[in-house]
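Chain identifiers are assigned alphabetically (A, B, ...) following the order of the sequence lines, protein sequences preceding nucleic acid strands; residue numbering begins at 1 within each chain.
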2 protein chains.
Amino acid sequence: MNDERQPATSNPLLQLENQLCFPLYALSRMITKAYQPLLQELDLTYPQYLVFLLLWEHQELTVKALGEKLLLDSGTLTPLLKRLEQKQWISRRRDPRDERSVVIGLLPAGRELQKRACQVPEQILAKLNMPPQEFETLRRQLNTLLTQLG
Amino acid sequence: MNDERQPATSNPLLQLENQLCFPLYALSRMITKAYQPLLQELDLTYPQYLVFLLLWEHQELTVKALGEKLLLDSGTLTPLLKRLEQKQWISRRRDPRDERSVVIGLLPAGRELQKRACQVPEQILAKLNMPPQEFETLRRQLNTLLTQLG
DNA sequence: TTTAATTAAGTTGTGCACAATTAAACATCA
DNA sequence: TGATGTTTAATTGTGCACAACTTAATTAAA
């Protein structure tokens, strides 16, 4: 019952291999999977890791700011941040100057995490095994496309 | 309580903007979101659309074959396919020659769907507003990276 | 040919991702 | 000031995505 019979699709635009979306979708998941064993040692998921990248850089950010930078909404961030709060890695408090905003801050344990995360990027680069030149070109190309669509 | 204070990260590899993973992750989601309004008219989600691209091309595929082509496992596919079965768009039956395998086939309504989906790729291309040359280069680059990792 | 190993789906549980809605705080201005 | 509109999070519900496990069918080995 295996596949390779005559394609029925007259329209090549409707074939998986001609899509741009699919390799993006698949590659994104594969890279997340490449991070998984490294992040597991830190007890982090990939989206949680992205949140920490921002917090290590900025110490404090509102949920709104995190959402803007990561292109995620509160429906995704709120439960994620609550899980990090429960682990005592971050703090969540209302901004006294604007009670609508929730400010996310690093707790000591969350700050400590950075030391152990330092090796993650290098290990990923090693896994990808990609020429730095090519890496940089692709990164820039994707970022350009991202800002064009955003 | 807004961000831009002095970064604390001494390691630039730990900054979000220097990651390759992030634009991949974000772009993948943005493109899915670009499909969403088009697919909504077909009552399809994006992963369901990918399944149909393959079925329109091959008429019949096992769950295993779908999983190999889409890089998804049965934990993802089984419930997705059951939802499509409930809508009478696909059939699910055991292969009599190997009762372990489940063969997914197109039902008439699922085949009909293709006619309405024909316009989706063009509309997406229009949305992306990307030179065909650049599109093709990026698609090939991502596909290469994909097969390298896979 | 019984036993052991392998394979294919399905199941369970967790964590995103996001649309849609709600609620509270703030801003605006009639 | 009070009514109106906007902004910010939180909530609810659906659908992936995937790790870990289970079950049944097939294959390989002893």
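Under the salt bridge (Lys or Arg N to Asp or Glu O under 4.0 Å) criterion, E41(B) pairs with no residue at all, not counting sequence neighbours. Every residue meeting the side chain to side chain contact (heavy atoms under 4.5 Å, CB included) condition with S91(A), not counting sequence neighbours, appears here in chain and number order: L107(A). In this structure, the side chain to side chain donor-acceptor pair (under 3.5 Å) partners of K87(B), at least two apart in sequence or on a different chain, are D43(B). When the side chain to side chain donor-acceptor pair (under 3.5 Å) test is applied to R139(B), the partners found at least two apart in sequence or on another chain are E136(B). Taking the side chain to side chain donor-acceptor pair (under 3.5 Å) definition, one finds that E85(A) meets it with R92(A), sequence neighbours left out. Here S74(B) pairs with T78(B) under the side chain to side chain contact (heavy atoms under 4.5 Å, CB included) rule; sequence neighbours left out. For Y49(B), the ring pair (Phe, Tyr, Trp, His ring centres under 6.0 Å) partners are Y35(B), not counting sequence neighbours. Among residues two or more places apart in sequence or in another chain, the ring pair (Phe, Tyr, Trp, His ring centres under 6.0 Å) test is passed with F22(B) by none.
Side-chain contact check for Y25(A) versus L50(B): some heavy-atom pair is nearer than 4.5 Å. Taking the side chain as every heavy atom from C-beta outward, V51(A) and I90(A) never approach each other to under 4.5 Å. Contact of the I124(B) side chain with the Q19(A) side chain is not registered, since no non-hydrogen atoms from C-beta on lie closer than 4.5 Å.
Bending across the helix from dT1(C)-dA30(D) to dA30(C)-dT1(D), expressed as the angle between its end axes from five pairs apiece, amounts to 10° (10° rounding).
Listed by residue number, the members of residues 19-39 of chain A with any heavy atom below 4.0 angstrom from DNA chain D are Y25(A), R29(A), K33(A).
The nearest whole Å value for the distance from the CG atom in L80(A) to the P atom in dC18(C) is 13 Å.
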- Item | Trace of the side chain to side chain contact (heavy atoms under 4.5 Å, CB included) decision for I104(B) with V63(B) | CA-CA 7 Å; I104(B) 306 299; V63(B) 172; 4.1 Å; yes

- Given L71(A) and L146(A), is the side chain to side chain contact (heavy atoms under 4.5 Å, CB included) satisfied, shown in steps? CA-CA 11 Å; L71(A) 306 180; L146(A) 193 57; 4.2 Å; yes

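With a cutoff of under 4.0 Å to any heavy atom of chain B, the contacted region of DNA chain D is bounded 5' to 3' by dG15(D) to dT26(D).
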What's touching nucleotides 9-12 of chain C from the protein side, N or O pairs under 3.5 Å?
{"from": "dA9(C)", "atom 1": "OP1", "to": "V63(B)", "atom 2": "N", "distance (Å)": "3.4"}
{"from": "dA9(C)", "atom 1": "OP1", "to": "K64(B)", "atom 2": "N", "distance (Å)": "3.2"}
{"from": "dA9(C)", "atom 1": "OP1", "to": "V102(B)", "atom 2": "N", "distance (Å)": "3.3"}
{"from": "dA9(C)", "atom 1": "OP2", "to": "K64(B)", "atom 2": "N", "distance (Å)": "3.0"}
{"from": "dG10(C)", "atom 1": "OP1", "to": "R92(B)", "atom 2": "NH1", "distance (Å)": "3.1"}
{"from": "dG10(C)", "atom 1": "OP2", "to": "T78(B)", "atom 2": "OG1", "distance (Å)": "2.9"}
{"from": "dG10(C)", "atom 1": "N7", "to": "S74(B)", "atom 2": "OG", "distance (Å)": "2.6"}
{"from": "dT11(C)", "atom 1": "OP2", "to": "K82(B)", "atom 2": "NZ", "distance (Å)": "2.6"}

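Remark on DNA chain D: of its neighbouring residues L72(B) and D98(A), the 5'-side contact belongs to D98(A), judged by nearest-heavy-atom nucleotide.
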